[in-house]
Amino acid sequence: MTTHRRHYVGKDGVARDYETHLLRRSWRENGKVRNETVANLSHLPAELIEVIRACLAGQAFIPADQAATITRSLPHGHVAAVWAQARALGLPGLLGPPGRARDLAMGLIIARVLAQLSLAA
């Protein structure tokens, strides 16, 4: 994979920089090196171009579902029910203006309510 950077100054005097990312293959034919552009990757996001570059360099990647295993999964319906009831009662408005602090406080209150429910059962 090659990256070409070109710097142009237009007739209007404005400088322009162009960067192209080309996936190319090369081979020898009759003692001469031949090149073929397989794909123009310039339209892809920079992060994806770096992943392709690393993969072509030999770095191995594994799918996300194989990288981590789920050891335990808890139901979340009860959390949603407590959140909906607290919102219906207007509890978020009592905790202050919207923001991270209010969301954390709501999460702590809901965790406390649910912890007591699990002890009673």
Side-chain angles (χ1 to χ4, degrees):
M1 190 157 106
T2 62
T3 300
H4 297 282
R5 290 182 181 86
R6 294 193 175 112
H7 179 77
Y8 293 103
V9 177
K11 291 181 182 179
D12 56 358
V14 176
R16 292 178 177 89
D17 293 315
Y18 296 102
E19 185 174 89
T20 57
H21 301 279
L22 303 174
L23 181 60
R24 304 187 79 174
R25 73 179 188 104
S26 61
W27 70 95
R28 289 194 175 271
E29 185 177 289
N30 298 329
K32 294 184 180 179
V33 177
R34 301 287 182 182
N35 291 312
E36 176 185 20
T37 300
V38 178
N40 183 352
L41 306 176
S42 302
H43 63 283
L44 296 175
E47 300 85 22
L48 185 54
I49 291 173
E50 291 306 315
V51 169
I52 293 171
R53 188 181 308 273
C55 187
L56 291 173
Q59 187 174 351
F61 294 94
I62 58 171
D65 60 344
Q66 293 178 4
T69 57
I70 298 173
T71 56
R72 165 175 103 151
S73 176
L74 297 175
H76 66 279
H78 56 293
V79 175
V82 173
W83 172 259
Q85 188 60 42
R87 203 171 56 206
L89 293 172
L91 183 60
L94 297 174
L95 296 176
R100 178 172 164 76
R102 183 180 87 173
D103 292 343
L104 288 173
M106 275 296 295
L108 290 171
I109 291 170
I110 290 172
R112 181 69 177 199
V113 168
L114 294 174
Q116 288 188 3
L117 289 177
S118 65
L119 293 176

Sequence neighbours excluded, the answer for salt bridge (charged side-chain N to carboxylate O under 4.0 Å, His left out) partners of D17 is none
Here the ring pair (Phe, Tyr, Trp, His ring centres under 6.0 Å) pairs for residues 20-43, sequence neighbours left out, are none
Practice problem: Flag yes if M106 and L94 sit in one hydrophobic cluster, no otherwise; membership is Ile, Leu, Val, Met, Phe, Trp, Tyr, and two members link when side-chain heavy atoms are under 4.5 Å apart. | Solution: yes
Across all chains, not counting sequence neighbours, the side chain to side chain contact (heavy atoms under 4.5 Å, CB included) partners of P97 are none
| said: Under 4.5 Å between side-chain heavy atoms, counting indirect links through other Ile/Leu/Val/Met/Phe/Trp/Tyr residues: same cluster for L104 and V79 or not? | reply: no
Next on the checklist: With clusters defined by side-chain heavy atoms of hydrophobic residues (ILVMFWY) lying less than 4.5 Å apart, directly or transitively, does L22 cluster with L44?
Outcome noted: no
For R25, the salt bridge (charged side-chain N to carboxylate O under 4.0 Å, His left out) test, sequence neighbours excluded, returns E36
Applying side chain to side chain contact (heavy atoms under 4.5 Å, CB included) to N35 and not counting sequence neighbours gives R24, S26, V33
For V14, the hydrophobic cluster (side chain heavy atoms closer than 4.5 Å, chained through members) also holds none
Please say yes or no: joined through hydrophobic side-chain contacts below 4.5 Å, possibly via intermediate residues, are L89 and V82 part of one cluster? no
For a quick test of your reading: what N or O donor-acceptor pairs under 3.5 Å do the side chains of residues 47-59 make, sequence neighbours left out?
| residue | atom | partner | partner atom | Å |
| --- | --- | --- | --- | --- |
| R53 | NH2 | T3 | OG1 | 2.9 |

In short, side-chain hydrogen bond (donor to acceptor under 3.5 Å, both in side chains) pairs touching residues 85-101 with sequence neighbours left out are none
Contacts of R16 meeting salt bridge (charged side-chain N to carboxylate O under 4.0 Å, His left out) (sequence neighbours excluded), chain-then-number -> D12
With sequence neighbours left out, the residues meeting side chain to side chain contact (heavy atoms under 4.5 Å, CB included) with R102 are P92, L95, P98
A39 meets the side chain to side chain contact (heavy atoms under 4.5 Å, CB included) criterion, sequence neighbours left out, with L23, L41
Sequence neighbours excluded, the answer for ring-ring contact (aromatic ring centres under 6.0 Å, His included) partners of Y8 is Y18
